[in-house]
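Bear in mind the structure is a predicted one, so any value in this text is a computation, not a measurement.
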Amino acid sequence: MNKEALDYARKVADLNDQLRKDMFTGNMLKKENLKNKIVLTPGIAGLNLKDKEKIFFSVKYFGNFTKDNNPYGEKDFGAFNFKKETYNWKIDYYDNDMKYLSPDKTDPEQTVRVLTIMKASEY
């Protein structure tokens, strides 16, 4: 990867890390975060509160990025095990109308980040 591509990936990764760290906190109410979304699939929504908290904690503090799950360095996907089941999270990037992909996922003014948390069996 050239320097420009590395800088781009680093900026995307920083924004993705910030979204995961701000989720389910008062920081999600900051102006720059208001348009970002968090989606829970039925398999996550149906869990008890204690298990949901553990899942959210695992997403928020996920750090097991490898070349296999993070080939572009953007930190937009993770997988982990909890209670003998695999869970995934992913971040997608949309334009402000959520009709198309973002024209520039490094620009929060042009991007709605959508963090989806799911059981791997729901993928």
Side-chain angles (χ1 to χ4, degrees):
M1 240 190 243
N2 64 33
K3 183 182 178 342
E4 186 176 305
L6 278 172
D7 289 345
Y8 183 87
R10 244 185 238 116
K11 187 167 184 180
V12 173
D14 288 346
L15 291 165
N16 289 342
D17 282 345
Q18 194 62 52
L19 172 62
R20 288 186 303 113
K21 296 208 180 345
D22 286 348
M23 70 175 196
F24 306 111
T25 70
N27 288 334
M28 278 302 285
L29 299 176
K30 287 183 184 176
K31 181 183 176 239
E32 61 270 19
N33 288 332
L34 282 176
K35 64 184 182 175
N36 293 326
K37 313 270 183 236
I38 298 171
V39 175
L40 306 178
T41 60
I44 301 297
L47 295 173
N48 67 56
L49 183 58
K50 190 173 184 176
D51 285 351
K52 281 183 201 170
E53 287 175 346
K54 290 178 181 178
I55 299 288
F56 299 158
F57 183 89
S58 295
V59 173
K60 185 174 185 174
Y61 295 107
F62 185 86
N64 189 25
F65 294 104
T66 66
K67 289 185 181 200
D68 290 332
N69 68 12
N70 189 37
Y72 303 107
E74 295 181 354
K75 297 183 177 178
D76 59 359
F77 175 85
F80 58 92
N81 293 315
F82 174 67
K83 289 190 171 181
K84 299 181 182 179
E85 195 159 359
T86 302
Y87 292 82
N88 296 340
W89 61 267
K90 67 184 188 94
I91 298 174
D92 295 299
Y93 317 94
Y94 295 96
D95 69 357
N96 288 328
D97 294 326
M98 294 200 55
K99 291 183 179 178
Y100 305 103
L101 295 177
S102 172
D104 180 3
K105 57 188 171 182
T106 65
D107 183 358
E109 295 296 317
Q110 298 183 64
T111 305
V112 177
R113 282 182 154 62
V114 178
L115 169 61
T116 304
I117 305 171
M118 69 194 89
K119 290 183 175 183
S121 60
E122 295 177 294
Y123 192 68

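Residues meeting the side-chain hydrogen bond (donor to acceptor under 3.5 Å, both in side chains) test with N16, sequence neighbours left out: Y93, R113. For the side-chain hydrogen bond (donor to acceptor under 3.5 Å, both in side chains) test, no residue two or more places apart in sequence or in another chain qualifies with K54.
Under the salt bridge (Lys or Arg N to Asp or Glu O under 4.0 Å) criterion, the residue pairs touching residues 5-19 are K3-D7, D7-R10, D17-R20, D17-K75, with sequence neighbours excluded. Applying the side-chain hydrogen bond (donor to acceptor under 3.5 Å, both in side chains) test to pairs two or more places apart or on separate chains, those with a residue in residues 114-123 are T41-E122. Note on residues 46-66: pairs passing ring-ring contact (aromatic ring centres under 6.0 Å, His included), not counting sequence neighbours, are F24-F56, F57-Y61, F62-F65, F62-W89.
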List the atom pairs, with distances to 0.1 Å, where a side-chain N or O of residues 78-86 and a protein N or O form a donor-acceptor pair under 3.5 Å, not counting sequence neighbours.
| from | atom 1 | to | atom 2 | distance (Å) |
| --- | --- | --- | --- | --- |
| N81 | OD1 | T86 | OG1 | 2.7 |
| K83 | NZ | D51 | OD1 | 3.1 |
| K83 | NZ | D51 | OD2 | 3.1 |

Practice task
Carefully, step by step, assess Y87 and I55 under the rule side chain to side chain contact (heavy atoms under 4.5 Å, CB included).
Solution key: CA-CA 8 Å; Y87 292 82; I55 299 288; 3.7 Å; yes

Problem - Verdict with reasoning, I91 to L19, per side chain to side chain contact (heavy atoms under 4.5 Å, CB included) - result: CA-CA 9 Å; I91 298 174; L19 172 62; 4.2 Å; yes

Exercise for the section: Using the side chain to side chain contact (heavy atoms under 4.5 Å, CB included) rule, take N36 and V114 through it: C-alpha gap first, then chi angles, then the decisive distance, then the call. Expected result: CA-CA 6 Å; N36 293 326; V114 178; over 6 Å; no

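The shortest distance between side-chain heavy atoms of F77 and N88 falls below 4.5 Å. Looking only at side-chain heavy atoms (C-beta outward), K105 and Q110 stay at 4.5 Å or farther from each other. Taking the side chain as every heavy atom from C-beta outward, N96 and V112 approach each other to under 4.5 Å. Residues Y8 and E74 have side chains in contact (heavy-atom distance under 4.5 Å, counting atoms from C-beta outward).
At distances below 3.5 Å, not a single donor-acceptor pair connects side-chain atoms of D97 with backbone N or O atoms of K99. Between the side chain of K90 and the backbone N or O of L115, no donor-acceptor pair lies under 3.5 Å.
Expressed to the nearest 0.5 Å, how far OG1 of T111 lies from OH of Y94 amounts to 12.5 Å. Between atom CE of residue M118 and atom CG of residue L40 there is a gap of 10.5 Å, rounded to the nearest 0.5 Å. Expressed to the nearest 0.5 Å, how far CG of N64 lies from OG of S58 amounts to 11.5 Å.
D68 and T66 are not linked by any side-chain donor-acceptor pair at a separation below 3.5 angstrom, with hydrogens and angles left out of the test.
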